[in-house]
Amino acid sequence: MASSTDSDSALRPESTLMKSFVGVADIKKGYEGVDRDKIARTVYEASKDSLYFNHQQKRDQALTEKCNALIERKRCMEESDTSSQLRHADKVVARLKDNRDLSQSTVHIDCDAFYASVEQNDRPELKDVPFAVGDTVVAACNYIARKTGCRAGMVIAVAKKMCPNLTIVKPNHDRYREVMAKICQLMQKYDPGYEICGTDEAYLNITKYCGEFDVKPWDVVESLRKAIRHETGIAVAAGIAANIQLAKISSTFIKPDGQYQLPSEPDIIMAFVKDLPVRKVTGVGYTLDRQLASIGVATCEDIFSQRQFLRDLFGDRLFEFLLEVYLGCGRTELRATLEQQKKSASIERTFKETSALDIIERNLRTVCEDVETKLKELNRAGQTLTVKVKMNDFESYSKQTKLPRAISSAHDIFQHSLPFVKATLVDKPHQVCRLLGVRLTQLASKDYTLGAAFHRMVQKSKNSDPEYLPWAREKGRSMPAGKRKLGGNVENRELAPRKKTSNFATKSPARNSVATPQSPNEMVRCPICDQNQPPDNVSFNQHLDFCLSLSEIQRYS
DNA sequence: GCGGATCAC
DNA sequence: TATGGTGATCCGC
């Protein structure tokens with residue numbers, strides 16, 4: 001194992017490290033006939049002395065060890081009796097077969113080299129030159145560039161080495177969103193419950209549409225593709241199959257342009273999947289592919305022949321997933337994009353490496369402000385905070401904490417994040433920081449956060465009883481000047497600016513001073529503002545915090 | 001609940 | 001001239 005780090009063996013074209021440099025060029029369209037060794041060598045030469053290389057090497061070695069452990073465990077199993085595992089696997093196969101639903105028509109739409117296509121349409125002069133869209137890292141490149149080995153994920157400096165006359169185009173995300181919105185508009189006609197996946201892919205279930213208008217899936221997809229082509233100039237590949245996993249594979253079959261329909265018959269599906277490399281299946285990435293390969297699973301058919309080992313080696317979830325892959329099972333219900341609600345909001349940013357605390361603090365503050373902006377757009381606040389710090393050596397550390405209540409202001413996020421960042425820096429004294437990230441999860445509707453409660457109260461006081469606010473009642477004051485605009489805004493904005501109200505949310509007053517109601521159906525009267533409140537613990541305590549802090553605001557305004 | 005990993009795009 | 005950002009999920013503890 002240790003010998004795998006020897007420089008000569010690592011340099012061999014077949015070494016796993018070199019394979020990792022080839023990256024997605026291994027499986028993507030446009031790289032047929034491209035010299036993979038050349039890609040690997042160029043990447044290697046360009047990065048061999050960097051800290052990034054060391055990190056990659058470390059990861060590669062860890063994965064190699066994991067694979068060796070799998071091989072060893074499989075050998076142990078082979079020496080013992082695996083008949084019960086085999087029986088179990090067959091039982092699961094039978095169950096999955098029984099539950100298989102082949103009645104639906106699902107479609108996968110895949111925009112060809114999306115960013116590159118959009119740019120090429122907007123700037124015809126790019127048509128005949130190799131170019132890549134990206135900013136330090138290639139996000140997408142056209143087919144001319146792919147021929148030279150340029151690929152997504154490659155550092156632009158390296159891509160230029162592979163392709164000296166490569167033109168670089170800065171990404172224009174607003175424009176891509178605009179084009180995608182147009183495409184969505186067209187898809188809506190066939191399935192309003194369509195599901196967007198990333199920036200350039202989508203799934204549809206057109207079963208209902210086909211039934212209603214008595215049309216064939218093939219024809220529906222043909223007109224959809226034509227419409228997209230006509231309206232946006234983008235070529236799309238489409239796969240039609242019984243579920244979205246199969247539809248996706250089908251579309252990559254026909255890429256970059258065209259459509260492919262996989263008949264919904266068990267035998268045909270199984271034959272279609274049989275020789276497919278598992279790496280082509282969504283959900284099987286680089287690492288899982290290597291682990292599977294180490295125990296003799298390269299194609300979907302191999303999953304079946306090794307089925308008695310998979311549960312012990314990979315766990316229940318993965319075991320069942322793999323059997324589904326073998327059978328060609330998949331999802332047919334879509335998660336409608338229009339109704340989907342986000343589960344997290346995060347920002348992470350790489351910057352010029354530094355160990356200066358003041359700069360790091362400034363960067364953290366910026367990150368927190370951007371998270372605040374994002375939460376505002378979602379009208380959400382998050383109760384679980386995750387802070388991430390990546391060091392110079394590309395090792396990253398994260399800390400997750402569940403907060404006593406949901407937060408959303410940059411100030412609050414910053415206050416909670418800073419201690420962890422500081423602790424990490426102290427922990428790794430010789431290291432330099434290169435990235436900071438902040439994520440909020442457990443997103444709660446902003447209706448139950450302080451800012452929104454404030455907003456509602458202001459609305460109420462404006463619309464009905466001007467004497468409603470406690471401080472107004474007591475002292476006859478109007479709204480603090482800085483907050484006045486809140487009342488008139490359409491969107492639920494959070495309290496801003498921060499300065500005057502800094503202890504509004506940070507210093508949280510005693511939260512457990514009042515007994516909470518027992519009966520779930522009764523409203524409960526707040527002892528401070530005298531208004532009825534919803535009876536559940538969480539929102540009641542939040543309301544209480546809020547009312548208590550109003551007196552603070554009053555003091556400072 | 002927490003931390004690390006993986007995966008997709 | 002030098003390795004991204006966002007969101008989701010899973011595993012093991």
Side-chain angles (χ1 to χ4, degrees), chain A residues 20-21 23-24 27-28 42-56 59 62-63 66 108 110-111 113-115 133-140 151-161 168 171 173 176 180 196-202 245 248 252 279-291 313-321 335 340-353 367 370-371 374 378 382-390 392-403 420 424 434-443:
Chain A
S20 76
F21 292 149
V24 290
I27 52 164
K28 271 218 153 180
T42 310
V43 175
Y44 170 79
E45 282 303 323
S47 60
K48 61 182 175 184
D49 297 322
S50 66
L51 291 168
Y52 177 74
F53 180 87
N54 293 342
H55 182 248
Q56 287 302 101
R59 284 190 51 181
L63 182 55
K66 202 170 172 185
H108 179 244
D110 192 327
C111 302
F114 186 52
Y115 294 178
V133 182
D135 199 12
T136 74
V137 167
V138 175
R151 65 160 170 86
M154 205 174 243
V155 179
I156 285 180
V158 176
K160 275 190 163 161
K161 270 191 183 155
I168 305 299
H173 293 285
Y176 310 143
M180 193 56 192
I196 297 228
C197 182
T199 47
D200 64 339
E201 292 181 28
Q245 273 83 0
K248 169 138 184 155
T252 62
R279 180 68 176 93
K280 303 246 182 188
V281 176
T282 312
V284 181
Y286 176 80
T287 47
L288 182 55
D289 181 46
R290 268 195 57 192
Q291 292 175 57
L313 296 181
F314 295 106
D316 259 322
R317 278 314 261 258
L318 214 42
F319 167 68
E320 195 148 324
F321 167 74
R335 290 184 276 242
Q340 256 187 83
Q341 46 177 341
K342 290 231 159 88
K343 295 180 175 165
S344 73
S346 69
I347 295 285
E348 53 188 62
R349 202 147 291 156
T350 300
F351 42 83
K352 191 169 145 57
E353 56 191 46
V367 166
D370 291 348
V371 172
K374 200 168 269 195
L378 296 170
Q383 202 175 354
T384 299
L385 173 72
T386 308
V387 183
K388 175 174 165 185
V389 176
K390 196 197 278 184
N392 208 14
D393 62 356
F394 291 88
E395 212 62 54
S396 58
Y397 308 88
S398 70
K399 177 151 191 71
Q400 182 185 341
T401 37
K402 181 160 178 155
L403 306 170
F420 171 65
T424 308
R434 77 181 332 267
L435 171 144
L436 289 173
V438 170
R439 170 163 75 246
L440 278 167
T441 45
Q442 304 253 284
L443 299 189

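This structure is a prediction, so every number in the text was calculated from the model and none was measured. Letters go in sequence order (proteins before strands), and every chain restarts at 1.
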- Using 30° and 60° as the class limits, which term best fits the ring planes of A:Tyr44 and A:Phe21: parallel, tilted or perpendicular? tilted
- Task: Say whether, by atom type as modelled, one donor and one acceptor occur between the side chain of A:Gln383 and the main chain of A:Leu403 under 3.5 angstrom.
- Result: yes
- Message: Between A:Lys374 and A:Ser346 (side chain of the first, backbone of the second, donor and acceptor by atom type, cut-off under 3.5 Å), is there such a pair?
- Response: yes
- side chain to side chain contact (heavy atoms under 4.5 Å, CB included) between A:Val438 and A:Thr386, worked out: CA-CA 6 Å; A:Val438 170; A:Thr386 308; over 6 Å; no
- Heavy atoms under 4.0 Å, any strand shown: does A:Leu435 hit a base, just sugar-phosphate, or nothing? sugar-phosphate
- Query: With sugar-phosphate meaning primed atoms plus P, OP1 and OP2, does A:Glu201 contact a base, only sugar-phosphate, or nothing at under 4.0 Å between heavy atoms?
  - Reply: sugar-phosphate
- Message: Considering every strand and a 4.0 Å limit on heavy-atom distances, what is the contact class for A:Thr401: base, sugar-phosphate, or nothing?
- Response: sugar-phosphate
- Task: May I ask you to evaluate whether A:Lys399 reaches the phosphate of B:dG3, defined as a side-chain N or O under 4.0 Å from OP1 or OP2?
- Result: yes
- Message: Mind checking if A:Lys342 touches a base, just sugar-phosphate, or nothing, with heavy atoms under 4.0 Å?
- Response: sugar-phosphate
- Task: Just call it for A:Ala345: base, sugar-phosphate, or nothing, with non-hydrogen atoms closer than 4.0 Å on any strand.
- Result: sugar-phosphate
- Message: Using atom C1' in both nucleotides, what's the gap between B:dC7 and C:dG4 to the nearest angstrom?
- Response: 15 Å
- Take the protein atom NZ of A:Lys402 and the nucleotide atom C1' of B:dG3, then report the distance between them rounded to whole Å. 17 Å
- Heavy-atom side-chain proximity of A:Arg151 to A:Val138 below 4.5 angstrom: no
- Task: Evaluate the side-chain proximity of A:Thr424 to A:Val387: yes if any heavy-atom separation is below 4.5 Å, no if none is.
- Result: no
Return the polar atom pairs (N/O with N/O) between nucleotides 5-7 of chain B and the protein under 3.5 Å, or none.
residue, atom, partner, partner atom, Å
B:dT6, O3', A:Thr287, OG1, 2.9
B:dC7, OP1, A:Gly285, N, 3.3
B:dC7, OP1, A:Thr287, OG1, 2.9
B:dC7, OP1, A:Leu288, N, 2.8
B:dC7, OP2, A:Thr287, N, 3.3
B:dC7, OP2, A:Thr287, OG1, 2.4

- Task: Please answer whether the main-chain N or O of A:Leu435 pairs with a side-chain N or O of A:Glu348 as donor and acceptor at a distance below 3.5 Å.
- Result: no
- Query: Can you give the first and last nucleotides of DNA chain C, 5' to 3', that have an atom under 4.0 Å from a heavy atom of chain A?
  - Reply: C:dA2 to C:dC11
- Item | A:His173 ring center within less than 6.0 Å of A:Tyr176 ring center | yes
- Message: I'd like to know if the side chain of A:Arg434 and the backbone of A:Thr350 have a donor-acceptor N/O pair within less than 3.5 Å.
- Response: no
- Message: Expressed as a whole number of angstroms, how long is the span from A:Lys388:NZ to B:dC2:P?
- Response: 18 Å
- Message: Both A:Asp316 and A:Ile347 contact DNA chain C. Which one's nearest nucleotide lies toward the 5' end?
- Response: A:Ile347
- Task: Give one of base, sugar-phosphate or nothing for A:Asp200, where a contact means two heavy atoms less than 4.0 Å apart.
- Result: sugar-phosphate
- Item | Residue whose nearest DNA chain C nucleotide is more 5′ - A:Lys374 or A:Phe21 | A:Phe21
- Hey, does A:Arg434 reach any base, or is it just sugar-phosphate, or nothing, if we go heavy atoms under 4.0 Å? sugar-phosphate
